[in-house]
Asker: 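Here's a structure for you.
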Amino acid sequence: MPSDIAALPVSTPPQVAPTLVPVVDPMHFEASADTYAEARPPYPAELWQRLRTLGLLRPGSRALDLGAGTGQATGPLLGAGLHVTAIEPGPRLAGLLHAAHPAADVRLCRAEDMQFAASSFDLVVAATSIHWMNLDILLPNLYTILNSNGRFAVWRNVFGDPDAEPTPFRARITEIVDARRAPPRPGPPAEDLDATIEALTASGLFRVTDASTYRWTLELDAAAIGRLFRTFSDWSAGEVEQAVAAVNELGGIVTEHYSSWLVVLAPSEQPPVP
Ligand SMILES: C[S@@+](CC[C@H](N)C(=O)[O-])C[C@H]1O[C@@H](n2cnc3c(N)ncnc32)[C@H](O)[C@@H]1O
């Protein structure tokens, strides 16, 4: 763990179940903190271009990155000239984030526990992280701390594009997942854009202003598949080994079709009276 982690403000560890998808372990990512940045592919350039086109990457704007991990969103936001406050409850991840992006104001806490003054931010982002948060707690606070002209941008990578041509490797992945003894997780899938929009707008505090999806392809070898799948919170170590073995049996390199979606929300002008 980086030595300057002690300097970060500390809050209580996560205990509340998220609203969008119940749960594996929100601290799962701590175990793969050291390899997380290398394991997870960056978000597609088209997604960042969409944010730019929408005028959300204005230099000098104040951004809040929820569930920042090691900085897959923090880095490009800083690179675009925004001031970034990053919320991350995992101590190892927060330490790595702070070390990699010293310009960011890193806060070691859950998004549900953060405290900021009204209108503190022009942009709030959640990159592949909103499904870990309790929206009943988060959204009323976000409504207050986001500037009334600000935007809330939620996006995620979907590792396995359901609309892409099936591949032999994906067939093996389906077999591994289907063999799980545990019953399927209840609730709407976190990968689903429509379910996410429904969850984010149900309170009436936010309305959608833009939604888009991006499709992309990667060639991955067995080591890269191992690194990536170890970061997936619903994959056991044994299942990851099966996925790695499948890559080797299929010639050592597999083509993966992934997608990313982005939804941008604005605070409602007339929120429902509580
Ligand atoms: C899949 S990772 C995404 C990290 C990063 N945003 C990215 O794009 O790669 C999910 C992150 O959410 C964090 N997280 C989990 N529960 C959280 C909560 N209640 N509040 C804020 N972050 C949370 C995890 O520690 C982890 O860093």
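Note that these values count all heavy atoms, side chains included, but never hydrogens, waters or copies made by symmetry. Counting convention: from 1, in listed order, for ligands and their atoms alike.
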Asker: Is the backbone N or O of Thr231 less than 3.5 Å from a side-chain atom of Arg40, with the two atoms forming a donor-acceptor pair by type?
Answerer: yes

Asker: Looking at ligand 1, is there an atom of it that comes within less than 4.0 Å of some heavy atom belonging to Leu66?
Answerer: no

Asker: Ignoring hydrogens and geometry, is there a side-chain-to-backbone donor-acceptor pair from Asn157 to Ser260 under 3.5 Å?
Answerer: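 A pair under 3.5 Å: no.
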
Asker: Using side-chain heavy atoms (C-beta onward) and a distance below 4.5 Å, is Arg110 in contact with Leu138?
Answerer: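 A side-chain contact is absent here, since even the closest heavy-atom pair is not under 4.5 Å.
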
Asker: For ligand 1, which atoms have a heavy atom of Leu93 less than 4.0 angstrom away?
Answerer: 25 (O), 27 (O)

Asker: For ligand 1, which atoms have a heavy atom of Gly69 less than 4.0 angstrom away?
Answerer: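 That gives atoms 4 (C), 27 (O) of ligand 1.
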
Asker: Who gets closest to atom 6 (N) of ligand 1 by heavy atom: Ser32, Gly67, Ser129, Cys109?
Answerer: Gly67

Asker: Please identify which atoms of ligand 1 are closer than 4.0 Å to at least one heavy atom of Tyr43.
Answerer: 7 (C), 8 (O), 9 (O)

Asker: Got an N/O contact under 3.5 Å between Glu112 and ligand 1?
Answerer: yes

Asker: I need the contact type for Ala68 against ligand 1. Using non-hydrogen atoms and a strict under-4.0 Å cut-off, is it side chain, backbone, both or neither?
Answerer: backbone

Asker: Just checking, any donor-acceptor pair under 3.5 angstrom between side chains of Asp65 and Thr74?
Answerer: yes

Asker: Answer side chain, backbone, both or neither: which part of Glu30 comes under 4.0 Å from ligand 1, heavy atoms only.
Answerer: neither

Asker: Using a plain distance cutoff, I'd like to know if Ala127 has any nitrogen or oxygen under 3.5 Å from a nitrogen or oxygen of ligand 1.
Answerer: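 Checking ligand 1 against Ala127, an N or O pair does fall under 3.5 Å apart.
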
Asker: Can you confirm whether Thr53 sits close enough to Arg50 that some side-chain heavy atom of one is under 4.5 Å from a side-chain heavy atom of the other?
Answerer: yes

Asker: Would you mind finding which of Met133, Glu88, Gln72 brings a heavy atom closest to atom 13 (C) of ligand 1?
Answerer: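 Answer by nearest heavy atom: Glu88.
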
Asker: Would you call Asp210-Arg151 a salt bridge at under 4.0 Å N-O?
Answerer: no

Asker: When you measure from the centre of the six-membered ring of Trp235, is the NZ or CZ of Arg180 under 6.0 Å away and within 45° of the axis?
Answerer: yes

Asker: Below 4.5 Å, heavy atoms only, C-beta onward: do Trp216 and Tyr43 meet side chain to side chain?
Answerer: no

Asker: At under 4.0 Å between heavy atoms, is it the side chain or the backbone of Trp132 that contacts ligand 1, or both, or neither?
Answerer: both

Asker: Please indicate whether any nitrogen or oxygen in Tyr36 is less than 3.5 Å from any nitrogen or oxygen in ligand 1.
Answerer: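 The answer is yes, given that Tyr36 and ligand 1 share an N or O pair closer than 3.5 Å.
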
Asker: Can you classify the ring geometry of Phe159 versus Phe232 as parallel (below 30°), tilted (30 to 60°) or perpendicular (above 60°)?
Answerer: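 Judged by the thresholds at 30° and 60°, the geometry between Phe159 and Phe232 is tilted.
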
Asker: For ligand 1, which is the ligand I care about here, please tell me if Gly90 has any N or O atom under 3.5 Å from one of the ligand's N or O atoms.
Answerer: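 No: no nitrogen or oxygen of Gly90 is under 3.5 Å from one in ligand 1.
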
